[in-house]
Number of protein chains: 2
Amino acid sequence: MNHIRPDTRPLYMLVIDRIKELSSSGEWSPGTRLPSEFELAKQFGVSRATLREALRVLEEEGLVVRRHGVGTFLAERSVVRAGIEQLFSVTEWIERANRVPGTVEKQVGEMLPTEQDRDRLGLSERESILCMTRIRTADGDPVVYCEDRIPTRVLRHGWRGFDGSLFELLEAAGRPIAYAQTEIKPVAYHDTVFPALDVPAGEALLLLEQLHFDANDQPVLLSSNYFRTDTFHFHVLRRRP
Amino acid sequence: MNHIRPDTRPLYMLVIDRIKELSSSGEWSPGTRLPSEFELAKQFGVSRATLREALRVLEEEGLVVRRHGVGTFLAERSVVRAGIEQLFSVTEWIERANRVPGTVEKQVGEMLPTEQDRDRLGLSERESILCMTRIRTADGDPVVYCEDRIPTRVLRHGWRGFDGSLFELLEAAGRPIAYAQTEIKPVAYHDTVFPALDVPAGEALLLLEQLHFDANDQPVLLSSNYFRTDTFHFHVLRRRP
DNA sequence: AATAGGTATGGTGTCAGACATCTGACCGGA
DNA sequence: TCCGGTCAGATGTCTGACACCATACCTATT
């Protein structure tokens with residue numbers, strides 16, 4: 001075929017993006033029937049097989065509903081985006097709320113991992129970790145309290161040029177984060193964290209304990225983030241198994 | 001072809017189930033390479049196109065990793081199951097912890113919805129709702145505080161024969177729950193709930209505010225569940241968008 | 001011997017076309 | 001009015017082919 005494609009990602013992903021574009025731009029409204037697979041494939045210039053791969057994923061995500069012998073429909077209730085299952089850095093999260101992210105450093109330095117750290121990050125006793133404690137701000141207000149641990153060996157170029165986003169730091173080190181195992185816990189009080197975030201009396205914090213992995217399933221970051229819930233809302237779309 | 005299939009679900013779903021079986025039964029261990037698509041298709045007696053639909057979904061779920069020109073591999077870290085994105089009833093949840101579910105009824109009755117209820121459930125002013133407040137127990141210990149609201153019109157046969165599981169009640173009414181929009185909130189204290197659950201001092205509860213929908217995207221149940229986190233753990237696999 | 005480059009092989013990615021099966025609407029006769 | 005047949009159009013599945021990619025191996029050059 002010798003086609004020249006500017007984007008090297010698989011074709012079906014480009015189709016997915018295009019469909020999401022069309023649906024979120026209001027081109028197609030919720031509940032309407034999409035053109036037939038044959039028609040869509042022709043329109044996008046891909047084969048029906050490729051188009052179907054895209055639709056299969058979209059169906060799995062809940063954006064479209066397919067009915068045998070009838071057609072493919074845009075879901076009635078557009079899936080709530082940015083649920084907790086989507087992994088954003090704290091920086092990104094603050095920006096998505098249209099606020100300006102900032103950082104107040106409390107502690108940064110190398111140290112030896114505890115046994116629990118070693119266990120979860122898969123380290124030997126001698127390997128050191130970069131450990132930091134920070135308060136993240138939105139428009140100057142303290143909103144998240146962060147404790148992060150990164151194996152020193154992961155950071156080939158040290159941590160110079162570090163500007164607040166660990167995600168970018170790890171990307172620059174060639175170990176971009178792909179996913180995270182996250183535990184969700186409510187916190188009624190904490191001697192250090194609550195005063196630092198200036199939490200009003202009676203309010204609780206939401207703690208996300210996260211173990212982050214790179215694309216090769218290697219753990220690269222262990223973090224505990226305490227969120228003020230008057231600023232951040234957490235939701236998720238739960239489905240019957 | 002004129003094949004007679006006992007299971008009427010789409011073929012690719014059966015393939016998915018079979019693959020999950022093989023991987024969870026230890027037939028295939030994490031990290032190993034699966035047989036080639038051609039080989040697998042032959043083995044399962046389906047076409048490569050169908051097999052690929054199954055693999056596409058499994059890849060999206062994170063159970064397998066596909067590499068162009070190399071092969072398809074079982075994911076190194078098996079995806080954490082029963083994350084918060086899977087919707088279980090409280091009854092099921094307690095059973096999954098190998099404990100015996102029970103119910104202490106506090107209040108059950110029909111009443112008129114508040115404006116917020118009407119808004120979220122899509123009701124008119126005159127329609128009544130079935131409203132109940134209950135404490136769920138595990139082996140007799142109070143572990144979840146539940147407030148539930150169901151539009152009366154949904155329950156065609158009334159609510160006789162109700163045994164504790166709203167999911168089963170709605171299934172019997174022909175409106176089985178398909179998914180729920182869930183908001184996650186930490187709660188530091190609540191005058192009614194905390195004493196009722198006998199929460200130890202200093203411990204917080206996790207509140208899930210859920211709007212449940214049936215398969216036709218119609219809201220059928222609005223619930224607020226307060227969970228004791230010494231009994232329930234909530235986790236989720238978050239992925240980069 | 002070490003290394004750079006070509007080639008063979010076997011994997012996934014994409015395509016085109018065909019037939020099977022399901023659904024809803026239309027239509028005509030009891 | 002009701003019921004069954006028919007038909008069009010949609011998704012579900014299959015087949016066979018070729019393109020593209022990654023790796024292993026071989027070869028020629030250094």
Side-chain angles (χ1 to χ4, degrees), chain A residues 1-19 22-23 28 31-76 215-216, chain B residues 1-19 22-23 28 31-76 215-216:
Chain A
M1 274 298 176
N2 227 340
H3 273 168
I4 306 176
R5 288 219 319 263
D7 196 329
T8 75
R9 291 183 310 158
L11 244 188
Y12 83 95
M13 284 195 183
L14 305 184
V15 174
I16 288 178
D17 288 350
R18 185 85 189 99
I19 293 179
L22 286 171
S23 68
W28 296 333
T32 54
R33 213 193 71 193
L34 272 54
S36 74
E37 295 182 349
F38 183 83
E39 192 64 33
L40 270 182
K42 199 175 64 177
Q43 190 173 317
F44 291 152
V46 302
S47 74
R48 209 183 132 213
T50 299
L51 180 86
R52 279 178 60 81
E53 282 203 68
L55 288 182
R56 169 70 57 233
V57 173
L58 289 170
E59 182 185 33
E60 218 61 25
E61 287 182 16
L63 268 83
V64 304
V65 178
R66 307 166 85 182
R67 287 164 58 198
H68 190 175
V70 184
T72 304
F73 301 79
L74 270 192
E76 279 294 345
N216 296 325
Chain B
M1 271 299 180
N2 228 342
H3 272 169
I4 305 174
R5 290 215 320 261
D7 195 330
T8 73
R9 292 183 310 159
L11 246 189
Y12 82 96
M13 283 194 184
L14 304 184
V15 174
I16 288 178
D17 287 350
R18 184 85 188 100
I19 292 179
L22 287 171
S23 67
W28 296 333
T32 54
R33 211 193 72 193
L34 272 56
S36 74
E37 295 182 349
F38 183 84
E39 192 64 32
L40 271 182
K42 198 175 63 180
Q43 189 174 316
F44 291 152
V46 301
S47 74
R48 212 185 127 212
T50 299
L51 180 86
R52 278 176 61 81
E53 284 203 69
L55 288 182
R56 168 70 57 229
V57 173
L58 289 170
E59 183 186 31
E60 219 60 25
E61 285 183 16
L63 268 83
V64 305
V65 178
R66 307 165 84 183
R67 287 164 56 199
H68 190 175
V70 183
T72 303
F73 301 79
L74 270 192
E76 280 294 344
N216 296 325

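Heavy-atom basis, side chains included; hydrogens, waters and symmetry copies ignored. These numbers were taken from a predicted model, which means no experiment stands behind them. Labels below follow one simple rule: chain letters A, B, ... track the order of the sequence lines, proteins then strands, and each chain is numbered from 1.
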With axes from five pairs an end, tell me the bend angle of the helix from dA1(C)-dT30(D) to dA30(C)-dT1(D), nearest 10°.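 It works out to 10° between the end axes.
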Taking side-chain hydrogen bond (donor to acceptor under 3.5 Å, both in side chains) as the definition, give me every residue that meets it alongside Arg18(A), ordered by chain and number, with sequence neighbours left out. Glu21(A)
Using the test side-chain hydrogen bond (donor to acceptor under 3.5 Å, both in side chains), find all partners of Glu59(A) that sit at least two apart in sequence or belong to another chain. Arg56(A)
If I take atom [atom1] in residue [X] and atom [atom2] in nucleotide [N], what distance separates them, rounded to the nearest angstrom?
| X | N | atom1 | atom2 | result |
| --- | --- | --- | --- | --- |
| Arg66(B) | dC20(D) | CZ | P | 19 Å |
| Leu55(A) | dA10(D) | CG | P | 14 Å |
| Arg56(A) | dT13(D) | CZ | C1' | 11 Å |
| Leu11(B) | dT11(D) | CG | P | 18 Å |
| Arg52(B) | dC14(D) | CZ | P | 14 Å |
| Leu51(B) | dG11(C) | CG | P | 13 Å |

Short side-chain N/O contact to dG11(C) OP1/OP2 from Thr72(B), under 4.0 Å: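 Answer is no, no contact under 4.0 Å.
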Please list, in numerical order, the residues of residues 33-48 of chain A that have a heavy atom closer than 4.0 Å to any atom of DNA chain D.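 Of all residues in residues 33-48 of chain A, the ones placing a heavy atom under 4.0 Å from DNA chain D are Arg33(A), Ser36(A), Glu37(A), Arg48(A).
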Is there a side-chain contact between Leu40(B) and Val15(B) (heavy atoms, below 4.5 Å)?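 Not touching, per the 4.5 Å side-chain cut-off.
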Using residues 62-74 of chain B as the side-chain source, report each donor-acceptor pair under 3.5 Å to any protein atom, sequence neighbours left out, with the distance given to one decimal.
| unit_1 | atom_1 | unit_2 | atom_2 | d |
| --- | --- | --- | --- | --- |
| Arg66(B) | NH2 | Glu37(B) | OE2 | 2.9 |

dist Leu51(A):CG -> Lys42(A):NZ (nearest 0.5 Å) comes out at 13.0 Å
Which atom pairs link the protein and nucleotides 23-25 of chain C when you take only N or O atoms and keep those under 3.5 Å?
| unit_1 | atom_1 | unit_2 | atom_2 | d |
| --- | --- | --- | --- | --- |
| dG24(C) | OP1 | Arg67(A) | NH2 | 3.3 |

The side chain of Thr50(A) lies closest to which of these nucleotides: dC15(C), dG13(C), dT13(D)?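 Looking only at heavy atoms from C-beta outward on Thr50(A), the closest nucleotide is dC15(C).
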Residue Ala49(B), side-chain heavy atoms: nucleotide from dC15(C), dG12(D), dT15(D) that is nearest: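 For the Ala49(B) side chain, the nearest candidate turns out to be dT15(D).
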